[in-house]
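Notes follow the structure.
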Amino acid sequence: MDGTGSAAPERLVVERGRRSGQVIAISVDSTRLGPALGGCRVRAYPTWRDGVVDAVRLSAAMTEKAALAGLRHGGGKTVVALEPGFAGPRADLLADVGDLVEGFGGDYVTGPDVGTGPADMVGIGRRTRHVLCRPEAEGGSGDSSVPTALGVGAALDAVRAHLWPGRDLSALSFAVHGLGHVGALVARRLAAAGARLVVSDVDTSRRALAESLGAAWVSPEEALVADVDVLVPCAVGGVLTAGIVGDLRCAAVVGAANNQLDHDATADLLHARGVLWAPDPVVSGGGVIASVAREREGASAREAEERVRGIGARLGRILDAATASGTTPLHETRRVVRELLAAA
Ligand SMILES: NC(=O)c1ccc[n+]([C@@H]2O[C@H](COP(=O)([O-])OP(=O)(O)OC[C@H]3O[C@@H](n4cnc5c(N)ncnc54)[C@H](O)[C@@H]3O)[C@@H](O)[C@H]2O)c1
C-alpha cells in the first residue's frame, strides 16, 4: 500500500536550504481532517527530483495512516534529498527544515522518519513548534518505536482472534523480518508469550538477541518464506512483491514496516493465495497515535497506550468487513479512508 500520490498534494514546497544548500521538499497531501502529520526523511536520492516524488507519495500514505488511526489530522511529509557526500553541519540542515515547516503556519507538523530521530527534532524545534517526538527530557514524547511495537502487538492479537479464535500466541509461530527498534520489541513480546520464533536481520550483530530469545536465526530471504503462521515485516518496505507471493508459507502477514506492498495489485494476489495481509497503515499507527495523544492532546501515558491498543479493534473490524464482503483488507481499508474523508 504505497500511497501512490496520484492526486496532486494540497501544497508542495521545494527549496534549497539557505544554510545547508540541500534540497528540501515538504508535501502536504491533505488537511481535510486537520493539520497534516508526517515525519522528516533525510537520505541520498539518485536525483533531488526523486526526493520530491518520494515526498509526494509518502505524504499521500500519511493521509491514509492518520485517518485510519482515528486522528483529526491529515498527511504530509518532509524529504531532504542529500547531495552525495554531504558533510555540512547537521544543525544547519535541521534549521533549514525548521524554517520550511514553520512556513506552513501549523498546517503541517513534522517528526522523525528514516534518517532522523528524536534528537534531530530538537534542532528542528529551535525554528518551529510544529514538531513531535523530541526526547522526553526536552518535553516531547520521545522514541516512537515503543508505542509502534505496542500497536503491532495489538494487531497480532486481532489477527490471532480472527484466524485462530481460542488459540493463544504460544500455539503459533512467527517470523520477524528486521530486529531493529520495533522488531526487537515485537520479538521480545512474542518470545515472552511462548510463541515459536524465527528471526532475521541484515545486521548479523542482532543474532545475539535471537539467541537470548531462544529464536531460530535465518537469512532475511529465508525469513520471508519461513514455514510459520505469521510473517512480521519490521525492516523495509516493498517486501511483498508479486514474485514472492507464490513462495510464502505463512497464513498471515502483520508488521510495522511501511509500504509493504510493491503494488496495490499484490493485495489481490495475497488474497487469492489465502494469505491474510493486515494493511501496514493500520498496523503501524501506534507511534503517531501516541505522540499526538501525548503532545497535542495532553493525554497521560496510560491513556495514550489505550488509544494505541485500539489498533486491534480497528483492524478486527476491517478484517471482519473484508471477510463478510469477500474483498481484500486493502480494499476495505481504502473504503474506510474514503468514508472518513468524505465525512469531514
Ligand atoms: N519506529 C517507528 O515508530 C515506526 C513507526 C511506523 C513504521 N515504522 C516502520 O517499521 C520498520 C522498522 O522500524 P524501526 O524503527 O524498527 O527501524 P530500525 O532501523 O530500527 O530497524 C530496521 C531493522 O531492519 C534491518 N534491515 C534493513 N534491511 C533489511 C533487510 N533487507 N532484511 C532484514 N533486515 C533488514 C536493519 O538492520 C534494522 O535492524 C520500518 O519500515 C519503519 O518505517 C516504524
Side-chain angles (χ1 to χ4, degrees), residues 1-3 37-43 54 57-58 61-62 64-66 68-69 71 75 77 79 110-121 132-135 140-156 175-189 198-210 215 217-226 231-241 244 253-262 278-295 304-305 308 311:
M1 185 155 174
D2 61 0
L37 297 174
C40 173
R41 183 164 290 200
V42 176
R43 52 161 281 204
D54 214 19
R57 181 180 68 86
L58 294 166
M62 277 308 298
E64 294 186 331
K65 189 163 177 168
L68 289 163
L71 301 174
K77 202 78 175 184
V79 165
T110 196
D113 194 75
V114 174
T116 57
D120 294 314
M121 299 307 114
L132 296 172
C133 297
R134 282 166 300 141
S141 57
D143 179 6
S144 60
S145 54
V146 176
T148 300
L150 184 68
V152 174
L156 285 166
V176 180
H177 183 251
L179 278 186
H181 289 90
V182 178
L185 289 167
V186 172
R188 282 183 204 281
R189 178 178 184 271
V198 173
V199 298
S200 176
D201 199 296
V202 283
D203 176 358
T204 51
S205 73
R206 308 305 286 159
R207 189 173 186 150
L209 174 64
W217 175 266
V218 296
S219 72
E221 297 72 31
E222 287 167 329
L224 292 174
V225 297
L231 169 65
V232 188
C234 288
V236 288
V239 287
L240 298 175
T241 62
I244 206 161
V253 183
V254 187
N258 283 318
N259 313 322
Q260 289 166 25
L261 301 180
D262 60 344
D280 56 76
V282 183
V283 176
S284 69
V288 76
I289 292 172
S291 57
V292 167
R294 297 290 307 277
E295 297 187 49
E305 274 186 31
V308 171
I311 286 175

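Not measured: the values here are computed from a predicted model. Whatever order the structure lists them in is the order used to number ligands and atoms, beginning at 1.
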Checklist entry - Are V152 and R189 close enough, and set up right, to give a side chain to side chain contact (heavy atoms under 4.5 Å, CB included), and what steps lead you there? => result CA-CA 10 Å; V152 174; R189 178 178 184 271; over 6 Å; no

Checklist entry - Would L209 and R188 count as a side chain to side chain contact (heavy atoms under 4.5 Å, CB included) if you check the C-alpha gap in whole Å, the side-chain angles of each, and the deciding distance to 0.1 Å? => result CA-CA 9 Å; L209 174 64; R188 282 183 204 281; 3.4 Å; yes

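Put simply, CG on L240 and CG on L231 are 7.0 Å apart, with the number rounded to the nearest 0.5 Å.
Of the possible polar contacts, one joining the R206 side chain to the L179 backbone as a donor-acceptor pair under 3.5 Å is found. Checked by atom type and distance alone, the side chain of D280 pairs as donor or acceptor with a backbone atom of N259 at under 3.5 Å. Under a 3.5 Å cut-off, the side chain of S145 and the backbone N or O of H181 do not form any donor-acceptor pair.
Within 4.0 Å of ligand 1, protein heavy atoms belong to K65, S144, S145, T148, H177, G178, L179, G180, H181, V182, D201, V202, D203, P220, C234, A235, V236, A256, A257, N258, S284, listed by chain and number.
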